[in-house]
A.B. asks: 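Next up is a structure, given as structure tokens.
All values below were derived from every heavy atom in this structure, side-chain atoms included, with hydrogens, water molecules and symmetry-related copies excluded. Since the model is a prediction, treat every value here as computed from it, not as a measurement. Per chain, numbering begins at 1; letters A, B, ... match sequence-line order.
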2 protein chains.
Amino acid sequence: MDLDTVRTFVAAADAGRFQEAAAELAISQQAVSKRIAALERGLGVRLFTRTARGAELTIDGQAFLPHAHELLRVAERAAASVRTGHRPLRVDILASRGAASGLMRGFHRAHPEIDLDVVMLLDMDTAVAALRSGTLDASFRAVGAPGRPLPEDIAYVRVLDEPLELLTGPAHTLAGARSVPLARLAGHRIWMPGLTPGTEWTAYYDDLVAEFGLTIEATGPNFGSDALLDTVADTPALATFMGGHTRLVWPAGHGLRRIPVTDPTPVYPHALLWHRDNPHPALATLRAHLAATTAGHDAAGTWTPAWAAPR
Amino acid sequence: MDLDTVRTFVAAADAGRFQEAAAELAISQQAVSKRIAALERGLGVRLFTRTARGAELTIDGQAFLPHAHELLRVAERAAASVRTGHRPLRVDILASRGAASGLMRGFHRAHPEIDLDVVMLLDMDTAVAALRSGTLDASFRAVGAPGRPLPEDIAYVRVLDEPLELLTGPAHTLAGARSVPLARLAGHRIWMPGLTPGTEWTAYYDDLVAEFGLTIEATGPNFGSDALLDTVADTPALATFMGGHTRLVWPAGHGLRRIPVTDPTPVYPHALLWHRDNPHPALATLRAHLAATTAGHDAAGTWTPAWAAPR
DNA sequence: CTAGGGGTACAACCGGTGGTTGTGGCTGGG
DNA sequence: CCCAGCCACAACCACCGGTTGTACCCCTAG
């Protein structure tokens with residue numbers, strides 16, 4: 001099935017005659033005939049009944065037609081997603097299940113008419129470079145990590161403080177706790193594969209470790225959060241940190257426990273970054289939406305790294 | 001943009017290396033390279049950064065990837081829509097804005113997991129033939145028109161009685177009425193273009209005309225309901241009938257009036273038809289859904305043709 | 001009944017797209 | 001420093017998909 005062929009099918013169905021469709025597409029009637037025949041051969045059904053004064057859709061053709069339209073629409077959107085100028089708003093988030101993802105879902109619900117593309121970049125350097133080059137419109141990051149000054153033309157605003165929670169399996173010592181003070185985590189094995197050196201979120205956990213005497217193991221390759229959760233659920237002595245806004249889709253009965261951390265509660269300081277001169281109209285809408293929906297939380301009893309950009 | 005090329009792109013993005021993608025697709029690495037290059041040329045952006053040990057997505061590539069997946073999914077669904085055996089449930093309705101359309105929307109809302117295709121056939125003969133041939137799974141029709149016995153193997157059940165309403169422009173004599181007795185319509189011009197002789201719905205209006213002394217003009221070609229409504233809205237002496245369950249999407253201020261008809265209220269007897277031996281699992285689900293949701297209305301004060309199949 | 005017009009399918013031909021193999025260049029690791 | 005691994009370029013060739021020319025079918029008008 002070829003998109004040009006599908007386009008031809010739609011044109012022929014629209015016109016009701018191959019000749020007219022051929023004229024529209026600026027090809028010969030015979031070419032249309034051959035394309036349709038090829039499509040019918042490929043699908044294994046007859047799409048048109050050829051009559052003396054044209055061609056009309058069979059029932060199979062009628063059923064196929066809306067799908068053909070949809071196919072062309074999706075193809076158009078796919079091409080638009082990488083068109084320079086007037087492309088969908090492109091936003092970078094840390095992980096598909098993190099807090100930024102939830103914010104973008106909320107934005108999409110509030111403004112379904114705005115086309116969005118979400119990408120996931122690893123480190124802030126590429127994100128900043130992409131913002132400056134215009135390849136990216138906005139990025140959710142924690143701003144202010146030491147030794148990483150933001151260029152002048154990158155603007156940002158704190159948008160969300162996300163409290164961290166401890167994730168354990170059912171056999172973990174702390175599994176029954178309703179909450180756990182941060183200091184009590186010292187000595188426990190906390191496993192966070194995928195902590196890439198040099199990234200701002202690794203800097204966050206480095207500071208957390210240094211300040212409260214925790215031990216975090218970043219060993220082993222990151223096989224994805226599913227594998228991580230699987231291991232944590234099955235290993236009594238293992239726990240991990242997880243953003244409190246993460247939505248878990250997890251089979252019931254697995255017994256994973258999410259335990260709030262207190263005294264203080266570590267919160268991750270999400271900020272939105274963008275290029276000062278980015279002219280994308282939807283960017284202003286996104287900023288307004290975030291400003292309106294993410295009310296400032298009380299910072300009392302919480303911890304963020306000293307370098308975190310102020311609210 | 002060609003679907004095979006998109007498939008290649010997805011495979012290469014998945015694998016992270018052109019060679020591996022080539023092995024999966026059973027073509028040479030050079031072919032993958034050329035396909036990707038062609039796609040990039042067509043889109044006008046670079047999708048991969050080629051490194052010494054593979055190829056990884058650029059930001060544009062990351063943005064394009066979900067659209068590519070969607071494209072392949074839609075293509076798969078399009079092909080499935082005409083696959084013989086295990087294709088989506090295919091239902092025939094009279095008009096895209098009629099009551100049957102509303103019933104199917106409700107069914108889709110209740111069972112979003114069931115794939116549907118909706119087609120619109122003109123006359124019952126083709127519908128019945130399609131049901132018997134297996135090209136069609138179900139059809140919403142009025143059953144029982146004289147001289148048109150249903151074959152033995154076609155089963156049916158009355159599912160919905162739809163009251164007719166009068167549709168007028170703001171300047172019509174009856175525009176202010178809250179309801180109008182059927183007898184008062186005698187002498188008024190009622191315009192219903194598109195009444196094709198020989199169809200069951202034309203038989204319905206023929207009976208209505210004969211029994212209550214109405215005059216219905218079926219003159220002129222049917223330019224679609226939009227044109228019909230436009231004319232009715234602008235012509236003071238003109239009115240038309242419309243199913244009471246029809247959802248009109250009409251610019252505000254046009255002043256179209258929908259007036260219930262009484263004494264008696266003509267109702268259109270929608271039935272669902274299917275082939276007795278049709279094995280499609282979703283057909284049973286549809287029948288159960290319709291049985292559960294379309295409660296029997298009170299027939300008092302309503303009119304249906306004498307030939308209408310009993311409830 | 002016949003002639004004509006409008007419509008589609010088939011045949012023959014041909015150019016360019018898209019595959020192949022062979023090869024070279026780049027890069028990171030031993 | 002060289003080798004291994006991977007991608008791009010070049011040359012070649014088959015076949016897909018376009019073109020023109022023509023046959024055939026059906027409906028309609030005279």
A.B. asks: Between A:Arg35 and A:Asp2, is there a side-chain N and carboxylate O pair less than 4.0 Å apart?
C.D. replies: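 Between A:Asp2 and A:Arg35 there is no salt bridge, as every charged N stays at least 4.0 Å from the carboxylate O atoms.
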A.B. asks: Measure CG/A:Leu3 against C1'/D:dG17 and give the value in whole Å, please.
C.D. replies: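 Atom CG in A:Leu3 sits about 16 Å away from atom C1' in D:dG17.
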A.B. asks: Whether A:Ser28 contacts D:dG18 is assessed here as follows: a side-chain N or O lying under 4.0 Å from the phosphate OP1 or OP2. Is that the case?
C.D. replies: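 For D:dG18, neither OP1 nor OP2 has a side-chain N or O of A:Ser28 closer than 4.0 Å.
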A.B. asks: Atom CZ of B:Arg50 to atom P of C:dG25: distance rounded to whole Å?
C.D. replies: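 One finds 19 Å between P of C:dG25 and CZ of B:Arg50, rounded.
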A.B. asks: Report yes if the side chains of B:Trp201 and B:Arg141 come closer than 4.5 Å at any heavy-atom pair, otherwise no.
C.D. replies: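 Yes, close enough: below the 4.5 Å cut-off.
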A.B. asks: Nearest-Å distance, CD (B:Glu56) to P (C:dT27)?
C.D. replies: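 Atom-to-atom, B:Glu56 to C:dT27, this comes out as 14 Å.
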A.B. asks: Ion pair present between B:Asp137 and B:Arg87, side-chain N to carboxylate O less than 4.0 angstrom?
C.D. replies: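 A salt bridge is present here (some side-chain N lies under 4.0 Å from a carboxylate O).
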A.B. asks: Starting from the 5' end of DNA chain D, give me the residue, A:Lys34 or B:Gln29, whose nearest nucleotide shows up first.
C.D. replies: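 Result: B:Gln29.
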A.B. asks: Tell me the interatomic distance from B:Phe48, atom CZ, to D:dA8, atom C1', rounded to whole angstroms.
C.D. replies: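 It is 15 Å, rounded to the nearest whole Å.
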A.B. asks: Tell me which nucleotide among C:dG28, C:dT20, D:dC27 gets nearest to the side chain of B:Arg53.
C.D. replies: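 It is C:dG28.
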A.B. asks: Would you mind checking if A:Arg53 and A:Glu20 are paired as a salt bridge, meaning a charged N to carboxylate O distance below 4.0 Å?
C.D. replies: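 Between A:Arg53 and A:Glu20 there is no salt bridge, as every charged N stays at least 4.0 Å from the carboxylate O atoms.
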A.B. asks: A:Ala26 or B:Ser33: which one's nearest nucleotide on DNA chain D is closer to the 5' end?
C.D. replies: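 The residue closer to the strand's 5' end, by nearest nucleotide, is B:Ser33.
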A.B. asks: Atom CD1 of A:Ile36 to atom C1' of D:dG18: distance rounded to whole Å?
C.D. replies: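 Nearest whole value for this atom pair: 15 Å.
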A.B. asks: Check this for me: does any side-chain nitrogen of one of B:Arg17 and B:Glu56 sit under 4.0 Å from a carboxylate oxygen of the other?
C.D. replies: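 No salt bridge links B:Arg17 with B:Glu56.
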A.B. asks: Could you tell me how far apart A:Leu39 (CG) and D:dG17 (P) are, to the nearest whole angstrom?
C.D. replies: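 One finds 12 Å between P of D:dG17 and CG of A:Leu39, rounded.
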A.B. asks: Taking only side-chain nitrogens and oxygens of A:Arg35, does any of them come within less than 4.0 Å of OP1 or OP2 of D:dG18?
C.D. replies: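 Checking D:dG18 against A:Arg35, a side-chain N or O does come within under 4.0 Å of OP1 or OP2.
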A.B. asks: May I have the distance from B:Phe18 (atom CZ) to C:dT20 (atom C1'), rounded to whole angstrom?
C.D. replies: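 Roughly 18 Å, once rounded to whole Å.
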A.B. asks: In whole Å, what is the span from the CZ atom of B:Arg17 to the P atom of D:dA4?
C.D. replies: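 Those two atoms, CZ and P, are 17 Å apart.
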A.B. asks: Less than 3.5 Å between a donor and an acceptor, one on the side chain of B:Gln30 and one on the base of C:dG18, is that the case here?
C.D. replies: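 Check fails, no donor-acceptor contact within cut-off.
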